[in-house]
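Take a look at the structure below.
These numbers were taken from a predicted model, which means no experiment stands behind them. Order of listing sets the numbers, starting from 1, for every ligand and every atom in it. Because only heavy atoms are used, hydrogens play no part in the values below, and waters and symmetry mates are left out as well, while side chains stay in.
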Amino acid sequence: MRLFTLTAFGAMAMALGAAAADKWDMPMGYAASNFHSETGAEFAQCVTTGTGGELEIETHPGGSLFKGNEIYRAVRTGQTQIGERLMSAHQNDNILYGFDSIPFLATSFEDSEKLWQAAKPVLTKTMADEGLHLLYAVPWPPQGLYFKKEVNSVADMEGVKFRSYNSATARIAELAGMIPVQIEAAEISQAFATGVADSMISSGSTGYDRKVWESLTHFYEVDAWLPRNYVFVNMGSWNGLSDEIRNVVNGCAALAEYAGNARSRHYTQFTLSELARNGMSVGRASDQMTNELRGFGEIMTAEWLENAGAVGQEIVDSFRAMQ
Ligand code: PCA
């Protein structure tokens, strides 16, 4: 009898044109407690609630469903419908993904936002060409340098094993005479503890999340750039949604981008204070080190522009026009 009632109800709902509920899995590369993951969880909840459960999104942080470096491919190939990734890690696939990691082009939250507005139309198209619908992007706090010793100049960096997370970070290591080793954030605590790496460029946020004070001693504020995490959807999955559902997803994405930005700003000071509270020396890099790094920035900006061609130049020009 109960079965009959449910079946009858189901038939009635179908007759009324109600869409079947859909469930999406959203892999995320960083720890559940990280602010990007918290923002993603709120985004997922917003969509689930806003669509009355017609589209349910479940987040899988910390690389638990796919590891950070597998997420881009998993979403592109339809192994999952939606995901979050640091796109600059895929600069080898498309040079344009590296626009947010050009040293000293945009070094504050204000400039990072302008650079993002300048790049967004191009990035949306680039990702669409790869079969991805871009939903939102949130910056990490400004990038600084972590070491296991006092460092006052590039000469002090010679031969140090440096954890990289994209092409730009590997190139900095190379220019400074360090040895780059590409490691996902989820694995860095172990890499530092076992001596696989002794330094990195990252935010206070990642140092705090991974408790790097257990192995490293110095953080130098450099504000080299603010790379972004992107949330994107497999194009086929996106095209399969009704207009009503897409409107809800877009609304939730806009809220998430706003909230993520606010969290990132707040985290900047909070996490630097936490590094210091846990015994690390935290402060601005010396003038010499800053000037030397800015020199690398000039080299790397020229290299990026040369590889990115007219489209890259367009992004940088429209960003500079906003200054
Ligand atoms: N944390 C990420 C990317 C940039 C950042 O601040 C990481 O270190 O992997």
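Residue pairs that meet the salt bridge (Lys or Arg N to Asp or Glu O under 4.0 Å) test with at least one member in residues 59-85, sequence neighbours left out, are Arg76-Glu130, Arg85-Glu184.
The number of heavy atoms from other shown groups lying within 6.0 Å of CG (Asp287) does not exceed 12.
Checked against the 6.0 Å centroid threshold, Trp225 and Phe99 do not count as a close aromatic pair.
Test Trp116, Tyr230, Trp140 against Asp100 for side chain to side chain donor-acceptor pair (under 3.5 Å) and you get one pass: Tyr230.
The ring pair (Phe, Tyr, Trp, His ring centres under 6.0 Å) search around Tyr165 returns none, not counting sequence neighbours. Residues meeting the ring pair (Phe, Tyr, Trp, His ring centres under 6.0 Å) test with Phe147, sequence neighbours left out: none.
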Can you pull every nitrogen or oxygen pair between ligand 1 and the protein closer than 3.5 angstrom?
{"residue": "ligand 1", "atom": "1 (N)", "partner": "Ser202", "partner atom": "OG", "Å": "3.2"}
{"residue": "ligand 1", "atom": "1 (N)", "partner": "Thr206", "partner atom": "OG1", "Å": "2.7"}
{"residue": "ligand 1", "atom": "6 (O)", "partner": "Gln143", "partner atom": "NE2", "Å": "3.0"}
{"residue": "ligand 1", "atom": "6 (O)", "partner": "Ser202", "partner atom": "OG", "Å": "3.3"}
{"residue": "ligand 1", "atom": "6 (O)", "partner": "Ser203", "partner atom": "N", "Å": "3.1"}
{"residue": "ligand 1", "atom": "6 (O)", "partner": "Ser203", "partner atom": "OG", "Å": "2.6"}
{"residue": "ligand 1", "atom": "8 (O)", "partner": "Arg163", "partner atom": "NH1", "Å": "2.7"}
{"residue": "ligand 1", "atom": "8 (O)", "partner": "Ser202", "partner atom": "OG", "Å": "2.8"}
{"residue": "ligand 1", "atom": "9 (O)", "partner": "Tyr30", "partner atom": "OH", "Å": "3.2"}
{"residue": "ligand 1", "atom": "9 (O)", "partner": "Arg163", "partner atom": "NH2", "Å": "2.8"}

